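Just below is one structure, and these are the notes that go with it.
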2 protein chains.
Amino acid sequence: MSNAVPARRYAKGEAKRREILAAALQLIAESGYRNSTLQDVADAVGLTKAGVLHYFESREDLITQVLQGRDDHDAVQLAQEARAGAGDREDDMLTLLSRAIRLNASVPGMVQLYSRVVVEAEDPQHPAHDYISERYELVAARIAASVQQRQSLGTARADLDPAQVARIVIAVSDGLQLQWMHARDDIDMSVDFDAALTLILGPA
Amino acid sequence: MSNAVPARRYAKGEAKRREILAAALQLIAESGYRNSTLQDVADAVGLTKAGVLHYFESREDLITQVLQGRDDHDAVQLAQEARAGAGDREDDMLTLLSRAIRLNASVPGMVQLYSRVVVEAEDPQHPAHDYISERYELVAARIAASVQQRQSLGTARADLDPAQVARIVIAVSDGLQLQWMHARDDIDMSVDFDAALTLILGPA
DNA sequence: ACCCAATCCCAACCAATGGTAGGTATTGTC
DNA sequence: GACAATACCTACCATTGGTTGGGATTGGGT
């Protein structure tokens, strides 16, 4: 749809592209978002700024794709964990989300990156705008489904509006991460999130 | 403590300072955060960039003070409303927060500004870092107190951990605003927040 | 084997932005 | 009316994201 990037046919190019993404991910994870300039990324992979911009339309585009890649990576890992850990029960989005938060607690840089992109992507012009909006919708839909399932199982109050609860749960997740960034040592996102879930969904 | 700014004695200066703050507030509110440069602010008040920077140490400092001013303004207004509206009952922080969110829904630019500063101020070097951290602590303490009060009144579950609930409520508030920025027309922050409050605190 | 188009990548350059340095003009106080 | 502080500007700088035009490389087609 919006992929105006050339189709990149040479193997070398594809490899370099991945190298750039990996380097950017690492830089952001360890030095934060604001301290990672295009020049830094370029240096890390032995290119110039222009070289990096040959692969990504802009810095924002690069960052968006880093986030997207991380998202995919996490999704796969979490799905595997869930499947391996607790029998072969259907993946429950709420459980997955809880795991994801616990995982995030080990990578402050990524939390910062995510929060930042969410805020900046509010502008419809931002390259990540569609991605973030769609992500919200997707996650919300899955949570809503999870809520509904629990309702039918009797492990969640029957009078809940699944869509509304989904929005609230996402809010708790995002909001806790914001607070956590400011007081990493004093807050256990994971514990608070699980507690919130229990409070909202009602007793099992 | 960190007020290294000269003590500004002339009346003209103080007036200009306020003018700058007002102009910046308006610019941000209507054009968003990213589209408001120092030059824009300077133009709006008939100064040069350097002129503006005579009053504020940096752009970030200016923005921080805009946010702070808005905060104070809101606090006063909300307190008045609350007092005028519902008898002379003690100000309840949770009620105040609910009102604040409803008020925010009319000023998207400010929500964006707030979210952005919260994210950026994660860096301890950021001029707003202390302000945001203290704000979090203050609000959390007040919410916790409010929860405790409701518990003793029997309008909130007795088994709640006030401090934890405070963090969760703040998370809901912040998180809903993030989502709202992306889908202003589809989300009613105010309704969702009140619903979340009811779910979390338990039946009245 | 060689052509040639696509791809890769760079040096040079540009514009915008936040910020600094130093000086001049204004203000208000004693 | 001097004199100190304050207000404010011009000129300048560094950094950053981004563009441009061209040169080097790659690899499939013939």
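Just so you know, these numbers use all the heavy atoms, side chains as well, and skip hydrogens, waters and symmetry mates. None of the values given here were measured: they were computed from a predicted structure.
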**Report entry** Proximity to DNA chain D (any heavy atom under 4.0 Å), residues of residues 40-52 of chain B only
**Finding:** B:Gly46, B:Leu47, B:Thr48, B:Ala50, B:Gly51
Query raised in the report: Strictly by modelled atom types, are A:Gln77 and A:Arg99 linked by a side-chain donor-acceptor pair under 3.5 Å?
Result: no
Query raised in the report: Could you go step by step and tell me if A:Asp161 and A:Arg167 meet the salt bridge (charged side-chain N to carboxylate O under 4.0 Å, His left out) rule?
Result: CA-CA 10 Å; A:Asp161 172 355; A:Arg167 289 192 296 273; 5.2 Å; no
**Report entry** A:Glu120 and B:Arg116 ion-paired at < 4.0 Å
**Finding:** yes
Query - Gap between atoms CD and P, on A:Glu14 and C:dT7 respectively (whole Å) - result: 12 Å
Query raised in the report: Of all the choices, C:dG19, C:dC9, D:dC8, which nucleotide is nearest to the side chain of A:Lys16 once you look at every atom?
Result: C:dC9
Query raised in the report: With respect to the side chain of B:His54, which nucleotide from D:dT16, D:dA7, C:dG19 is positioned closest?
Result: D:dA7
Requested in this report: Measure from the side-chain heavy atoms of B:Leu38 and tell me the nearest of D:dG18, C:dG19, D:dC8.
Outcome: C:dG19
Query raised in the report: Could A:Glu122 and B:Arg184 be called an ion pair, given the rule that one side-chain N must be under 4.0 Å from one carboxylate O?
Result: yes
Query raised in the report: Whole Å only: how far is the CZ atom of A:Arg17 from the C1' atom of C:dC8?
Result: 14 Å
Report summary line: Out of D:dC8, C:dG19, C:dC9, minimum distance to the side chain of B:Leu53 belongs to C:dG19
**Report entry** Contacts of B:Glu137 that satisfy side-chain contact (heavy atoms from CB on, under 4.5 Å) - sequence neighbours left out
**Finding:** none
Query raised in the report: For the atom pair OG (A:Ser133) and NE2 (A:His126), what is the distance rounded to the nearest 0.5 Å?
Result: 11.5 Å
Report summary line: Quick note, B:Ser58 side chain, CB onward, closest among D:dG18, D:dT16, C:dG19 is C:dG19
